[in-house]
There are 2 protein chains.
Amino acid sequence: MTDEVPRILTVQRAAHSLATPAQRGEVEAWADSPVALPFGPFDPNEHRTLELGLHNWVEQQTGLDLGYVEQLYTFGDRYRDPREQAGGPRLVSVGYIALVRQVPLSGAGEAEWRNWYDFFPWEDWREGRPAIVDQAIRPRLQNWIGRIGDDDERQTYQERLSIAFGAQSAPWDFERVLERYELLYEAEMIGEALRDAQIRAAISGRPAPQADAEMQATAELLGTPMALDNRRVLATALGRIRGKLKYRPVVFDLLPPTFTLLQLQRVVEALGGVRLHKQNFRRLVINGGLVEPTGKHDSQSRGRPAELFRLRREVLSERPASGVGLPAARIIG
Amino acid sequence: MTDEVPRILTVQRAAHSLATPAQRGEVEAWADSPVALPFGPFDPNEHRTLELGLHNWVEQQTGLDLGYVEQLYTFGDRYRDPREQAGGPRLVSVGYIALVRQVPLSGAGEAEWRNWYDFFPWEDWREGRPAIVDQAIRPRLQNWIGRIGDDDERQTYQERLSIAFGAQSAPWDFERVLERYELLYEAEMIGEALRDAQIRAAISGRPAPQADAEMQATAELLGTPMALDNRRVLATALGRIRGKLKYRPVVFDLLPPTFTLLQLQRVVEALGGVRLHKQNFRRLVINGGLVEPTGKHDSQSRGRPAELFRLRREVLSERPASGVGLPAARIIG
DNA sequence: TTAGATATACTCAATTTGAGCATATTTCTT
DNA sequence: AAGAAATATGCTCAAATTGAGTATATCTAA
């Protein structure tokens, strides 16, 4: 994070592809986005574990020394790379999440820190409900669903819309980042969807579908495209992090060893995409035993100096919180 | 589940291995357990997605038609199969969880339902704290850690012990199934650890380490071994399910369409490995809007007939629960 | 010197949780 | 037929947590 902006590390998409060189020439014209998540091959001879391989090429591409990482998801669908050949090899990617403090970058990948809400402008509610939701997303999705012929199918999509983007009955669920992205992709409102349709057409020799100016404009409203399905991967990651926020002390990797409570709150807010009630937030983290005061004070700020806190190491071994769902139900014994 | 026993589906381990036939002959003597999780190859030509591949071979091996499945984790460490060759191919497995009602089995895999606490006897606290924890596990682990020479390393293991198996400061955390399994494996208290040590020795030509009678006895106390690292995979799954239990309505796949609240409670208890307070559990699921009454009653039971409930479909779209960790902190706006 | 900004303390009602008691409706035993 | 045992369900009540403020403290900038 810098200031209040949560950032992800991107690299320039190297010219790698599963397609044959011939196809590549033909298809490369459909400008794939050069913005990619850091990625690299897994070499079973070199690396004892997937995680060690990860550390290795992240270091090479970005100069970054990762600490704690966590496996995210394994992506193996056909045509993740739309240039993939039927009958050819499959691109299977094992995604990992690492939370690190922002540091200067080096390495071979032309790495860059980017505001992750550039990729999901509808996910940041810190300044209130984003206008884009009601002005562009909902009406267009509703329109697209309305045009579905089959009754059952339309019904299903209608329900997915309510779940993903909320409704009277269901509030906006900040964790459903992936569901939202997938709906937008299926409705071809996302840049990648237009691009992939073009590529598929080019490869199969069909005439390229025409994306009209309005579709293009919508796609531009809906954030920066990424290479391949990287934005989908990123959506999965954001959802996962938001979920974890609730029950694991996960944000401290993004903070210096000592920090003020407002700094902590700002990080949580940035990841969650919401504003929190300040006094109650303090009470929660202090009474919850997550942090302990250092006695020192921050001098840089505008008003009354804030006390510096540190993470209570013991938290990692104590039960961090017991959630509210099913068996928060009292355990007997 | 049958009655109060949670079960997993196992198959007979087919004679598959990454080792060469020559090595296989040599090593097959170290009787690998025939108890395995259902598994199968992924064929990118056949299957559009990993998940479709999964459905396919599960059907073949067990005759089971899976509904909802969820990706668990991808396992790619070297020597997951201890017969693996240095420089040879790597066995990478993408694990999935499916929750299904118990049905009769068919298929080619000689599938069987087995009590999952047969594999983790220390995880079932429904009849109180299992004696095995204090009589066998803790003292032996403590002893093993005590013999570690390096001070820092011993300290680290001591902390892992507290986190995994609890201590004065930290209570037993029912979700840390994997941490517990890994400690036991590292301490060579688990059957698989003894077996893998033997196999590694045989392959490298070193003299086989002698597991004395006491180690053998301990290993037998600590549950049924499985093929390869399947028990580790299973530990990961159990931990994941227990985590999900808290904030997602995940148990209903294990119940008939209508059920009594006690049935529901028994399922939750079986997965969680704990007993719950009955009246409060009712209040939680009813007031939480998870279930709704059908008006019908169960007639089979001993005492007063229990009302039959069903899952409220709407729950799937509503916020299921908002957890307690960090930003249960009130959202402003 | 004061306005503005920020931090922190404290209050109070509403809600949720933990623990239990009481009552209702069955079947089983004698 | 009369309990006894088992199960389901309703209800209470104190303790803890949460939601939403108000009040006060301590700094910087003008």
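Letters go in sequence order (proteins before strands), and every chain restarts at 1. Basis for what follows: all heavy atoms, side chains included, without hydrogens, waters or symmetry-related copies.
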How would you summarise protein contacts on nucleotides 25-30 of chain D per nucleotide, using B for base, S for sugar-phosphate only and - for none, with heavy-atom distances below 4.0 Å? BBBBS-
Distance in angstrom units between A/Ile286 CD1 and D/dT17 P, rounded: 15 Å
Do the ring planes of B/Trp125 and B/Trp172 sit parallel (below 30°), tilted (30 to 60°) or perpendicular (above 60°)? tilted
Please tell me if B/Lys278 has a side-chain N or O lying less than 4.0 Å from either OP1 or OP2 of D/dA8. yes
So the ring pair (Phe, Tyr, Trp, His ring centres under 6.0 Å) pairs with at least one residue in residues 253-273 of chain A (sequence neighbours excluded) are A/Phe252-A/Phe259
Holding to ring pair (Phe, Tyr, Trp, His ring centres under 6.0 Å), I want the full list of residues that pass it with A/Trp116, two or more places apart in sequence or in another chain. none
Between D/dA8 (P) and B/Leu308 (CG): distance, integer Å: 11 Å
Nearest whole angstrom, please: distance from the C1' of C/dT11 to the CG of A/Asn287. 15 Å
Acceptor/donor pairs from residues 64-73 of chain B side chains to any protein atom, 3.5 angstrom cut, sequence neighbours excluded:
{"from": "B/Glu70", "atom 1": "OE1", "to": "B/Lys244", "atom 2": "NZ", "distance (Å)": "3.1"}
{"from": "B/Glu70", "atom 1": "OE2", "to": "B/Arg240", "atom 2": "NH1", "distance (Å)": "3.3"}
{"from": "B/Gln71", "atom 1": "OE1", "to": "B/Tyr96", "atom 2": "OH", "distance (Å)": "3.3"}

Rounded interatomic separation in angstrom, taking CD from A/Glu307 and P from C/dT6: 19 Å
Which whole-number value in Å describes the distance from B/Arg266 CZ to D/dA6 P? 13 Å
Students often get this wrong, so: under 4.0 angstrom with heavy atoms, is A/Gln279 touching a base, only sugar-phosphate, or nothing? base
Please state how far atom CZ in B/Arg282 lies from atom C1' in D/dC11, giving the value in whole angstrom units. 12 Å
Quick one: salt bridge (charged side-chain N to carboxylate O under 4.0 Å, His left out) pairs with a partner in residues 280-296 of chain A, sequence neighbours left out? A/Glu292-A/Arg310
Looking at B/Asp134 and B/Arg129, is there a salt bridge between them, counting it only when a charged N and a carboxylate O are closer than 4.0 Å? yes
For atom CG of A/Leu284 and atom P of D/dA16, their distance in whole Å: 17 Å
Can you tell which of C/dT17, C/dC12, C/dA7 lies closest to the side chain of A/Arg283? C/dC12
Qualifying residues under ring pair (Phe, Tyr, Trp, His ring centres under 6.0 Å), relative to A/Tyr157, sequence neighbours excluded: A/Trp144
Among the nucleotides C/dG18, C/dA7, D/dT18, whichever has the atom closest to the side chain of A/Leu262 is C/dA7
Could you tell me the separation between the CG atom of A/Asn280 and the C1' atom of D/dT22, rounded to a whole number of Å? 13 Å
